[in-house]
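As structure tokens, the structure follows; a few thoughts come after it.
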Amino acid sequence: MKVSICIPVYNGADSIERLLAAIDTAFSAADKEVVLVNDGSRDNSAEVCRKLVEQYAYVRFIDLRKNSGEHNAVMCALNYCTGDCAAIIDDDLQNPPEEIHKLIAEMEKGYDVVFAKYHKKKHSFFRNMGSKFNDLFATWLLEKPKDLYLCSFKLISRAVIDEIIKYKGPFPYVDGLILRVTDSFSSVYVNHNARESGHSNYNLKRLVRLYLNMFINFSIKPMRFITMVGFSIMGIALVLAAAFVIDKLLHPETAAGWTSLAVLILFFGGLQSFFLGLIGEYVGKNYLDKNGTPQWTVKDVYGVEE
């Protein structure tokens, strides 16, 4: 079985050489390829990747013209990979490449996708909280099984790859595409290393963008939530209206409450703005999709079958 190891690279110049050396050792006798995708790095990652193409005959390097996001870079790698399965692994060495063998052994039991999971994650507190938030909402929005942990380190079969790369929208969410294609998946425990250098590229802005991709592109449940909130508010308003009328009839001397009126106006004004913004996200993303916004744009391709 030929294994494609897909690596989105973003400011990974300090770690990518060591990662390739570890892959070469762990898969010395395997039929393999490595697909590197430089996602608009601001350091000299592109230069390092070009050198790796010269050093290893099985490496393919795709240099993107601009930063498109991790999931877009992964989709690019999946479009270029040729293996019977594809392992997606980060460029920061926190996932030892020899752990891919555990994922392969699990896939050989007949699963389409195998996710990694950890006894203890060695990410920052902020990143771990983001992962828990992602897991919670993926369970609600994407109907993910509660016992399945969605991880960026995973192994995908060729059949599933061929299905998910049919998606050409500009805002992909790889795990959402997987859950939309198959329910044949498993997970295995793997080791997780502490970050040796640098810091996570996921800041609050990138996490919010990822969550919006999941909310807007792969579920209509937020729209249903708006509908239910609207019906609830309407019901509460009718009950309060009846209560206020009865109270006024029983106590006509009661003065009008200007403070409560102002609070209600501000509350419902903010609620309407939030809902309009959410609806605008749906409309805007649909417009960009129909407008042909690309997932990624390739600058150069190096390596196998250039």
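Two residues are said to be in side-chain contact when any heavy atoms from C-beta on lie closer than 4.5 Å; F61 and V35 fail this criterion. Within the 4.5 Å cutoff, the side chain of V113 has no heavy atoms near those of the L155 side chain. In this structure the side chain of I5 reaches within 4.5 angstrom of the side chain of I23, judged on heavy atoms. Looking only at side-chain heavy atoms (C-beta outward), V190 and F153 come within less than 4.5 Å of each other. Put simply, the side chain of W296 reaches to within 4.5 Å of the side chain of N79, judged on heavy atoms. At least one side-chain heavy atom of C76 sits less than 4.5 Å from a side-chain heavy atom of L64. Annotation: side chain of D90 is not in contact with side chain of I7 (no heavy-atom distance under 4.5 Å). Looking only at side-chain heavy atoms (C-beta outward), V9 and V37 stay at 4.5 Å or farther from each other.
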Stepwise side-chain contact (heavy atoms from CB on, under 4.5 Å) check, I164 with R180:
CA-CA 9 Å; I164 66 177; R180 194 161 70 175; over 6 Å; no

Given V188 and E99, is the side-chain contact (heavy atoms from CB on, under 4.5 Å) satisfied, shown in steps?
CA-CA 10 Å; V188 293; E99 298 293 89; over 6 Å; no

Can you check side-chain contact (heavy atoms from CB on, under 4.5 Å) on D31 and V3, steps first, answer last?
CA-CA 6 Å; D31 185 10; V3 181; over 6 Å; no

Salt bridge (Lys or Arg N to Asp or Glu O under 4.0 Å) assessment of E106 paired with K109
CA-CA 6 Å; E106 185 72 9; K109 297 178 182 179; 3.1 Å; yes

Using side-chain contact (heavy atoms from CB on, under 4.5 Å), reason through L78 and C6 one step at a time and then give a plain yes or no.
CA-CA 7 Å; L78 293 177; C6 301; 4.2 Å; yes

Show, in sequence, the C-alpha distance, side-chain angles and deciding distance for N95 and Y118, and conclude whether the side-chain hydrogen bond (donor to acceptor under 3.5 Å, both in side chains) test is met.
CA-CA 10 Å; N95 296 120; Y118 311 113; 2.8 Å; yes

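Shortest non-hydrogen contact noted between G110 and S184 is O-OG, 3.7 Å. Considering every non-hydrogen atom in both I104 and M1, the closest pair reads CG2-CE, 3.5 Å. Shown here for E163 and V181, the closest heavy-atom pair between the two residues is CB-CG1, 3.8 Å. In terms of heavy-atom proximity, S68 sits nearest to D39 at N-OD1, 2.7 Å. Between M75 and Y167, the shortest heavy-atom distance links the atoms CE-O, 3.8 Å. Considering every non-hydrogen atom in both A116 and C151, the closest pair reads O-CB, 3.2 Å.
Judged purely by atom type and a 3.5 angstrom limit, N11 uses its side chain to pair as donor or acceptor with the backbone of R42. A side-chain donor-acceptor contact under 3.5 Å links D91 to the backbone of Y10. No donor-acceptor pair closer than 3.5 Å links the side chain of D112 to the backbone N or O of S157. Here the side chain of S4 pairs a donor or acceptor atom with the backbone of G83 at under 3.5 angstrom. Remark: the backbone N or O of A21 is paired with a side-chain donor or acceptor of T25 at under 3.5 angstrom. Of the possible donor and acceptor atoms, one in the side chain of S45 sits under 3.5 Å from a partner among the backbone N and O of G12. The main-chain N or O of Y173 is never found under 3.5 Å from a side-chain atom of H71 such that the two would form a donor-acceptor pair.
Atom NZ of K299 has 12 or fewer neighbouring heavy atoms from other residues, nucleotides or ligands inside a 6.0 Å radius.
Of the inter-residue distances, the one linking R50 atom CZ with N38 atom CG reads 9.0 Å to the nearest 0.5 angstrom. Within the model, atoms OH of Y111 and OG of S187 stand 9.0 Å from one another, a figure rounded to the nearest 0.5 Å. Here CZ of F115 is found 4.5 Å from CD1 of I178. Values are rounded to the nearest 0.5 Å. With values rounded to the nearest 0.5 angstrom, R60 atom CZ is found 8.5 Å from C81 atom SG. The CZ atom of R158 lies 8.0 Å from the CG atom of D84; values are rounded to the nearest 0.5 Å. Y302 OH to L52 CG: the interatomic distance, rounded to the nearest 0.5 Å, is 13.5 Å.
Both tests pass for K32 against the ring of Y58: distance under 6.0 Å to the centre and angle within 45° of the axis.
Between the side chains of E33 and T82, a donor-acceptor pair is found at a separation under 3.5 Å.
Checked against the 6.0 Å centroid threshold, H101 and F27 count as a close aromatic pair.
Under the 4.5 Å side-chain heavy-atom criterion for ILVMFWY residues, no single connected hydrophobic cluster contains both Y189 and V114.
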